[in-house]
Participant: 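Have a look at the structure that comes next, please.
In each ligand, atom 1 is the first atom listed, and ligand 1 is the first ligand listed.
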Amino acid sequence: MSERLFWQDPYATAFTATVTRVREEGGRFLVELDRTLFYPTSGGQPHDTGTLGGVRVLDVFEPEKHGQRIVHVLEAPLEEGAAVEGKIDWTRRYRHMQRHTGQHVLSQAFLRAAQWNTIAVSLAGPEIHIDFDVWPGPGAAEEVLAEAEALANWAVYANLAVSAREVPEAQVPLLPLRRMPKVRGSVRVVQIEDWDLAPCGGTHLRSTAEAGPIKLLGFEKGKKKTIRVYARTGWEALEDYAAKHRTLKALAGRFSAGVFDVPERVQKLEDELYAARGEAQALAAELAEHYARELAQAGFPAARQVPLAALAETGRRVAEWPGALALLAALEPGGEHARLLLVAHPDREAELRSLWRERLEPLGARGGGRGHIQGRLAAGKLQLALEAFSGAAKENP
Ligand SMILES: [Zn+2]
């Protein structure tokens, strides 16, 4: 059994304790102490890291659900009975406290905004999420989120005190708890002044002010009739804002515009791209028709390099000519590889496979297909391939 120092003072970062048990399991050392500041993964809050007796603590967990024991996973063993000094990684823990306190504030904000009840939370990463017991549809959800976010940040600015206490089992039903406890016996409840009261075993801040800002990031429909809401709190909300601001500012810089002009500039680019694609398609079609006629006039079989944009369309048009049998090739962007397209009029399709095997595979061409053969070849072999096919043309008039 370990005394839970993180409940007595969630702001303490160093402690001394006695090692009560050590065992090895798969190259990891599992250490138990008579008292600890290391919070074990539970209630959605991730475990602490840090050092014990100078040895790195990699993981902290409870071996039994709702049990009293806490196990520390270490890189190296400690001596049983030894007094050790422990230090937790405060930067990490403080973020967990911001996430957890922010989640309490948000759960209450959603309850007040729209009577949404929290059914599950995850505080595992900087982007926390809360699941609620309703699915109101996307439009109504937007409105509730906006209201809850405002309420939550008012609770932050009001600098409400956060406290925790043990309540005997008999008194639990008398409390106006936001949700029922998951454990029997006496219950640890966390109170945010007159804002929120909930059973919880996590670590929390002294005041809601330390959890701000609270920013909702979005939502999605959950399983059955539920909604999942994503949020960031404290430092992690500020970091997100800074990163997004940096990105948007850089993007605006590329347009030589203000950040709020970016959507309009992107729209303009999209319109231009759409028009350019249409124009390129029309030109490629015109070019393809020109190549197809040229090849037909020269006589089949024929071989020719064409621009990549005109490759497929040229192939389609050539294959319409009676007696057609042609190798078309185009350089891919980057110039390292060439795309090959071997096409024939339906009455000569039977010849494609053997031509491919005899003339192009020896050069390293790889490909396949039905009706026509598509493939690739190293760009350096492209001229050889065109000549090899012209050779085929001479032998096979
Ligand atoms: Zn909590």
Participant: In the protein, how many N/O/S atoms are under 2.8 Å from the Zn ion (ligand 1)?
Facilitator: 4
Participant: Hey, could you give me each pair passing ring pair (Phe, Tyr, Trp, His ring centres under 6.0 Å) that has a residue in residues 97-128? Not counting sequence neighbours.
Facilitator: H100-H104, H100-H204, H104-H204, F110-W116, F110-F132, W116-F132
Participant: Residues in side chain to side chain donor-acceptor pair (under 3.5 Å) with R366, at least two apart?
Facilitator: none
Participant: Hey, can you tell me if W90 and Y11 have their rings parallel, tilted or perpendicular (30° and 60° cut-offs)?
Facilitator: tilted
Participant: What residues, two or more places apart in sequence or in another chain, satisfy side chain to side chain contact (heavy atoms under 4.5 Å, CB included) together with H345?
Facilitator: A324, D347
Participant: Cation-pi check, R112 to W195: give yes when NZ or CZ is under 6.0 Å from the six-membered ring centre and within 45° of the ring axis, no otherwise.
Facilitator: yes
Participant: Would you call E75 and R28 a salt bridge, taking side-chain N to carboxylate O under 4.0 Å as the test?
Facilitator: no
